[in-house]
Undergrad: 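I am attaching a structure below and will ask some questions about it afterwards.
Model, not experiment: these values are computed from the prediction. Positions are given from 1 along the sequence.
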Amino acid sequence: MADPASTPLGKMLLEEITPVVMVLCTPYVEESCLKNGLSLIQLLSPFCDFTNIDVPVRTASDQPYRLRKFKLRLFYSSDIRQPNLEVAKERLKKVITHVGEKNFVESSDPSQVNNLLSRPESEMLPSWFQFFNKELVRTLSFSDHEAFDHPVACLLVVSSKDDEPVNRFVDLFNTNKLPSLLNDGAMDPKIMKHYLLLHDNQDGPFNKATKLLADMRNAFGQNDCQIICFNSSQDGKIHHQDNPWASFKSDALPTENLGCFLNLDDLNEIKDFMQELSSKHIIPYMEQKIRVLNQQVSATRKGFRNQIKNLWWRKGKEDTIDTPNGPVYTFNSIESQIRILGDYAFMLGDYELALSNYRLISTDYKLDKAWKRYAGVQEMMGLTYFLLDQSRKDAEYCMENAFNTYLNSVAAGIEEVIMRIHRTNLAKSSACDLLWMGIVACNSLKLGSAGRRNATRCGIWWAEMLKTRDQLKEAATVYFRICGEDTLHSAVMLEQASFCYLLSKPPMLHKYGFHLVLSGDHYKKCDQIKHAIRTYRSAIPVYKGTTWSLIKDHVHFHIGQWYALLGMYDVAVTHMLEVLASTHQSKTTQELFLRDFLQIVQKTGKTFEVLKLQLPVINISSLKVIFEDQRTNASAAAASVKESLWRSLEEDMIPSSTARFNWLELQSKIIPRKYKESNICVAGEALKVDIEFKNPLQIPISVSSVSLMCELSANPEEDANSLNNEVQNNEDRTSTSYGYVFFYSCVLHDDCRDINSCLILSEVDFSLEGGETTVVQLTVTPRIEGILKIVGVKWKLSSAVVGLCNFEFNPVNKRVVRGRRKQHSPSSDLKFLVIKSLPRLEGFIHSLPEKTYAGDLRPLVLELSNQSKFPVKNLKMKISNPRFLYAGNQKELNADFPACLKKKMNVEKSGSHANVNKTLQNLFHFPEDISVQEETSLSWPLWFHAAVRGNIPLYITIYYEMEGVSSIMKYRTLRMHYNLQVLPSLDVSFQLSTRPSRSQEFLLRMDVVNKTSSECFQVHQLSSVGQQWEISLLQPVDSILPSQSLFAGQSLSCFFMLKHSPVDLIILKISLQDRRRSSTSEDSIPSLSHIQSDVRLGPQDNSEAFFDVSSSPLADFHDCERSSQGMSSQVVIFLPLRSSPSSMSPISWLVDGPRTIQHNFSAPLCEVNLKMTITNSSDAIASVHINTFDSPSSNNQPIDDATTSQPPEHQSGWSEIPIVNDTKIITTEALTTRVPKSLSLESVPHYIWSGTSSTKLVLQPRSTAEIPLQICVFTPGIYDLSNYVLNWILTPVDDGENQGEANKSSGVCQGYPYYLSVLESNFKD
C-alpha cells in the first residue's frame, strides 16, 4: 500500500486531527480585517497548512524525527463548544442542497455503465462526498471524551487602535469569557499564550505600533509577542489571481474581491508569522507537554507494580450500572492525562507513542465502563494502526469494536431512561422529582444521539480505510450500517455504498443500482428532489436491457413525478412514457401510471408529439396496403382475395398482347426507370392501409385522430436522394428529448401549396378495452400526380399526446436463387407513382342473399356506375362459378318473377333453349353497343341458383376499356367478391323398379325429407324434360300430403308410373313456407333426362300454369349442372318460393317408432314403444290434449262436429308410405284409401293403447316436446295406428286475464296413418 498519509483517509486525518488554537481578538481587529471581506480567522486560515515545514521533533524518546506536514486549526473562543445538533443538521442540509443545485443538469443523460467504468476513479466519484464527510465529522468537534480538539494554545490579537493594548490583552483572557469546557474542567485552561499586535496601515504610521510592541514585550515576554502590519494598499483594488480564501468563505459572492487591501508583502508577513508561530512556539510547547506527561504516566501507570496497583484500585467497578457516558474525568485525572498524551503524540506524528498510550488507557475505560471514552480510544487505535501501516486485522478490529461500542452506548442510554421510569413511583413523586427525571431522561437521549453520530464518524473513517485497501465490498457494508435515524445522512451513505459496489472487482452492478434507488428514496423523503432525480437517473443504465421490469418502472415513474414537481414537464413526460406500456403491472398500477401521465401532460398546456409511442402497440408486420391500379375492387372482401385467384380468373379477359407479360414490365418504357419498382395508383382514388392496434394494458384506452403520415412530391424527376436527405435534416433539427417530430416534405405545383389540398387523409377514432386488438383501415387520397410515399401513422392518446410511428422494416438477408429476380424491399410497397385521374366503375349486385337454402332460384340486378367524366366500353364479365350465377338478357330486367318462368299457352314448346352456349361459358360479353357513359349507371339482369349447399365464394370480374384517357393504362378491371351460406333444404332420392308384366313401364318411388330446422315447404310440381316419356302419379295428392306442407324434419314418399323408355330428367318444383320472409331456393339430385311431362303435386284445383323447365333460366342451370358434374342424366330441383297461407296449422307432430317387428305370440303379449314429437311453430302458448282410442268400438264414440267439419288447413301431421320391395307391391287402392279405423275386420281388438289414453301438455312459443306412447299387440298383422285425436288451443303471450277468449284460437287434428307390420316369429324371445 502507498504511504497512508497520502491516501484520502490520511489526508483527512491530517486535516481534522490537528492542534487547535483558540483566538481572542478585539472589535477593532475584526473591523480592520473586514475591509478585505474577511474575518481574522478567515484571513489567517490559508496560511495554517504547512505541507513542507521540516521541523525536528523529539517527544518521549531521545531520537528526534523530522515533521514534514503540519496544520493548525483556528477557532474563536465562542466556537470552542459542542455544536448544536439542530444547527449542525441544518448546515449539512444546506451543504447537500447547494451541491444538488450545483450538480443538477436537466438535459444531461446518464452515462452508460461501460462508459462509466472506463473513467478514472477520481472522475467517477462525486467530489462533494469528501466535503460532506468532513462536515459531518466536524459536527462532533470539541467532545469531552477526546483531547485532539482541546486548544493547545491561545492567540490574543489586539489592534493598534485599541486604547491601552496591554490591558486589553489581560482583559481578553478573562475567565468569564473563556469557553465553558475550559471553566468546567474538561479542558486544561493553562495553555500557551501568544500575543499579536495588528496594525492597519490605513490607520496611521508604524511608529506608534512599534512603541506598543515594546510595551507588550516588557509585559508578556520577548518571545511571546509579535506584530503584523497589513492593509498596505491605499486604493483597495488589488486582485489576487489565486484566491487563497475561496475555500474558507463559502458565502462569498463571485464579484466580491477578497483581500483587496493586502499586497504581496502583507501576505508574506502573515505567512511568516503563522509559520513562526507553529515551528517556534506551538510544536515546541507540545513536545514539552508530551515529555512531562510521559514522565507522569511512567511514574504512576507503567511498570508491574503500578499495573497491579491500578487493577486493585479499580476492583469492583465491573459491578456498577452501565451509563452511556461513564464516570466524569477532569483534565487533571490520570486517565485524561494519558488521553492527552496519546492525542498530542498522534498530532505530532509519533504514532508508536500514541498507540502505547491508547492501549494503556483503553483497559481503564473498559473497567470503568466508560463506553464512549472506550470507543473513542479504540477508534484512535484503529487510525493509528492504519497510519503505521501495520496489522490490518488489528486496525479493522479496533474500528469495528469502536463502532459497535458507540451503538451500544445508544442502547444503554435508552435502557437507562426506561429503568429510571420503571424504578420511580410516579404517583408519589413530587413535581420537582418529575422535572428532574425528565431532564435526566433528555440528557440520556442526547448522549445516545451523540453516540449515534460518533458511530457515524467512526464508520466513515472505517469505510475509507477499507476503500484504501481495495476492500470495497466491505466498505459498502459499513456505509450501509452507518444508516440510522437521520434520513438525509442515510441517503448520502447509501449513495457512497453504491459507488463501492460499482468500483468492486468485478463490478456489482445490481447492488450499485439498488443502493442508488434506496439513496434516491431517502433523498426524496428529505425534500432533496434534485438529488433523488440524480441518483435515480444514474440507476437507469443498470436496468436498461434487463428483465427487472418492476424496478425499471419504479425508477422512471418516480423520476417523471419528481421532474413534474420541479415544473420540468417536458422531461417528466419523457420518463412517464417509459412506463405507459407496462404489461406486467397490475390493473391498479397501470391506471395510476396512465392517470399521472395525463395529468403531467395537461399541466404542460401543449400537445406532445412522441416518436414510437408504446401505447397502443402497432404491429407493423401486419401492415397491409390496398391500392388500385388497373385492378379495382368493389368491396373490401374483393381486396382480401389472393392475387393468384384473380389472375387465373382474368386470364381469358385481358387482351392476348398483354396476357404473357407483367403489366409493369409492359409499361417500363413509359414509367421512369427509378420508379419502375414503385406501385402505381390513380389520382383521386384512395389507398387503404390496414394497421393492427393492440392495447397491451388491462385498462381501456382512448385513441383518436388516427391518420397516415405521407410524403408527396409533385415532380417525378426530383432526385429521391435529396428528398430523403431533406427529411433527415428536418428530423435532426426538430429532435427533442422525447423523439422526433415528423416533417412533411412536399414539392408542390404552383396551384397546390397546401399539403392538405394535395392529400386527403382519413381520421379514425376508437377505444380499446384491456388486451383488445383491432385492425383499423386508414386511407390517403392523392389529388395530384407525382410520387407518394406512406411514411408512418400518427394518433392521439386520450386527446393529450400525439404518437408517431414510422414504417421502418428491418431488411432480411434472403438467399437469391440463380436465375430468379431479386425481391424488392418491403418499404417499396409503400411508394407509389401517382398518375392522372381515370374512369373507375363501381359495381353492386342487388338482392343477392348472404344466407339461403339449397335450390334457391331468383333474379338479381347488376348495377355498374361510372362517376367519372369519361365513358367506358367493351365490357366483359367472368363469373367463377356459373352453377350459381350467370348473366341474363336485357329484356329480362323488368320481368315479373316467378310468372316469367311459367309456360306460355300460345307459344310452341321446344325441346331446346337459346342460352345453352352462354351458360356453358362463364365469360359473358356485353353487347358491343353497350357502354357506361359519364356520370351514369348501367343495370343488367342476373340469375342466381343455389346449386349446392355449403359456404360458397363467388368471384366476379368485369373488364372495361378507356379510350384516349391515359397512355399508361388502357383498361381496368372491377373485381367483386361475395360469400354465400347455402343451407340444406330438401333431400330427394329415387328408386326405380321395373314391372314384370310390362317392359315399357317402370315404378318410380320418390322420397323427400325436409332437412331444415324451422322452415316449411309446399311441393307444387314434378316435371320431366324431354319428349319421350310420360310420368303419372299413382296416388291422390291428398293421401300423399294431406296438409299440403312439408314441415321441418318431416318426410314424404310417393309413387309414379313411367312409360315408354328410360328416364332422362326430372325437375321437381316446390315452394318454401316461412311466415317471416319469402325467398327462393334449389337443390340438385341425380337425374333421369329428357321427358316433357308435368305432374302437379299441389292442390289439384289450382289452375295456374306449369313452370317451363325447357326454357331459360331453368334449362340453362340444368345444363350447367350436367356439365359441371360430368353426368349424362341429371335430376334438378328448383324451389321458387311462395308465401305460406295464413291459415296453416301452427301445431305439427311426428310419430316415430318401428315399422316391422317379429314376436312369438306363444309368449306374453307384444309391447311396442312409440314416440310422438309435437312442435309449436307459433308465437303463442299452446295447450295440447291427445286422446287415443283402443278398439273399433271406440271409434263409434261420438265425436263433436268440430272434429269432422274441421277444414283441411287446420289439420297437419306426418305420414309415410311403406317401403316398396321386389316381393311386395302395395296397390293403388291401398295407398290412396285413408282408413279411419283399424284394418282388422274382427270385432275383438287386436291391439290396445297400453300407455296413457289421454295426455295434456303446454308448449311455449317456438318449442318442441316429446310424448312416449305404447301399444300392446295380440295377433300378427298390419295395423294403422291413426286412432287418436289432437286438440289444441293457442293463447297469446301478452294476453291478460281480463281479455276473455277473444284472442284465443283452437283446432282439432285427426291422427294420420302409421302402419305397423307385426310378424310371427319362429323362435322364442
Undergrad: Check whether any side-chain N or O of N633 sits under 3.5 Å from a backbone N or O of A637 as a donor-acceptor pair, and report yes or no.
TA: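 Side chain of N633 to backbone of A637: no pair is present.
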Undergrad: For V682, does its backbone N or O pair with a side-chain atom of E685 as donor and acceptor, under 3.5 Å?
TA: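 The answer is no, because no donor-acceptor pair under 3.5 Å joins these two groups.
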Undergrad: F766: which residues meet the ring pair (Phe, Tyr, Trp, His ring centres under 6.0 Å) condition with it, sequence neighbours left out?
TA: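 F766 satisfies ring pair (Phe, Tyr, Trp, His ring centres under 6.0 Å) with F693 once adjacent residues are dropped.
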Undergrad: Check whether any side-chain N or O of S868 sits under 3.5 Å from a backbone N or O of F870 as a donor-acceptor pair, and report yes or no.
TA: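 A pair under 3.5 Å: yes.
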Undergrad: Using the ring centroid of each side chain, check whether F627 and F832 are separated by less than 6.0 Å.
TA: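 Between F627 and F832, the centre distance is under 6.0 Å.
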Undergrad: What's the spacing between L862 CG and F924 CZ if we round to 0.5 Å?
TA: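 Here the rounded value is 10.0 Å.
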Undergrad: I need the single residue from R631, R975, K876 that forms a salt bridge (charged side-chain N to carboxylate O under 4.0 Å, His left out) with E650. Which is it?
TA: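 In the set R631, R975, K876, the residue that makes a salt bridge (charged side-chain N to carboxylate O under 4.0 Å, His left out) with E650 is R975.
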Undergrad: To the closest 0.5 Å, what do you measure between CG (D765) and CH2 (W795)?
TA: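 Here the interatomic distance stands at 14.5 Å.
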Undergrad: Take the angle between the ring planes of F897 and W943 and call it parallel below 30°, perpendicular above 60°, tilted in between.
TA: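 Tilted.
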Undergrad: For residues L885 and I845, determine if any side-chain heavy atom of one lies less than 4.5 Å from a side-chain heavy atom of the other.
TA: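 Contact flag for L885/I845 side chains = yes.
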Undergrad: Measuring from T936:OG1 to N866:CG, what's the distance to the nearest 0.5 Å?
TA: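 Output value for this atom pair is 6.0 Å.
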Undergrad: May I ask you to decide if I958's main-chain N or O and T973's side chain share a donor-acceptor pair within less than 3.5 Å?
TA: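 The answer is no, because no donor-acceptor pair under 3.5 Å joins these two groups.
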Undergrad: Y978 and Y955: aromatic ring centres closer than 6.0 Å?
TA: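 They do not qualify: ring centres at least 6.0 Å apart.
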Undergrad: Taking only residues two or more places apart in sequence, or in another chain, which ones meet N881 in a side chain to side chain donor-acceptor pair (under 3.5 Å)?
TA: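 Side chain to side chain donor-acceptor pair (under 3.5 Å) check on N881 returns nothing, list empty.
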Undergrad: Using atom types as modelled and distance alone, determine if a side-chain donor or acceptor of T852 lies under 3.5 Å from a backbone N or O of P849.
TA: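 Flag not set: sc T852 to bb P849 has no pair under 3.5 Å.
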Undergrad: Does K873 form a salt bridge (Lys or Arg N to Asp or Glu O under 4.0 Å) with E928? I'd like the steps, not just the answer.
TA: CA-CA 8 Å; K873 61 180 182 176; E928 294 183 359; over 6 Å; no
Undergrad: Is it true that a side-chain atom of Q1021 and a backbone atom of F1107 form a donor plus acceptor pair closer than 3.5 Å?
TA: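 It does hold such a pair.
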Undergrad: Give a yes or no on whether K694 atom NZ has more than 12 heavy-atom contacts from other residues, nucleotides or ligands under 6.0 Å away.
TA: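 Open.
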Undergrad: Just by modelled atom types, is the L860 backbone N or O under 3.5 Å from a matching donor or acceptor in the H846 side chain?
TA: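 The answer is no, because no donor-acceptor pair under 3.5 Å joins these two groups.
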Undergrad: Could you tell me if the side chain of I618 sits less than 4.5 Å from the side chain of V793, heavy atoms only?
TA: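 They are in contact (side-chain heavy atoms under 4.5 Å apart), so the answer is yes.
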Undergrad: Would you say the ring centroid of Y971 lies under 6.0 angstrom from that of Y959?
TA: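 They qualify: ring centres under 6.0 Å apart.
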Undergrad: Once you round to the nearest 0.5 Å, how far does CG of L778 lie from CG of L708?
TA: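 Here the rounded value is 4.5 Å.
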Undergrad: When you compare the side chain of D1108 with that of L1114, does any pair of heavy atoms fall below 4.5 Å?
TA: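 L1114 does not reach D1108 side chain to side chain.
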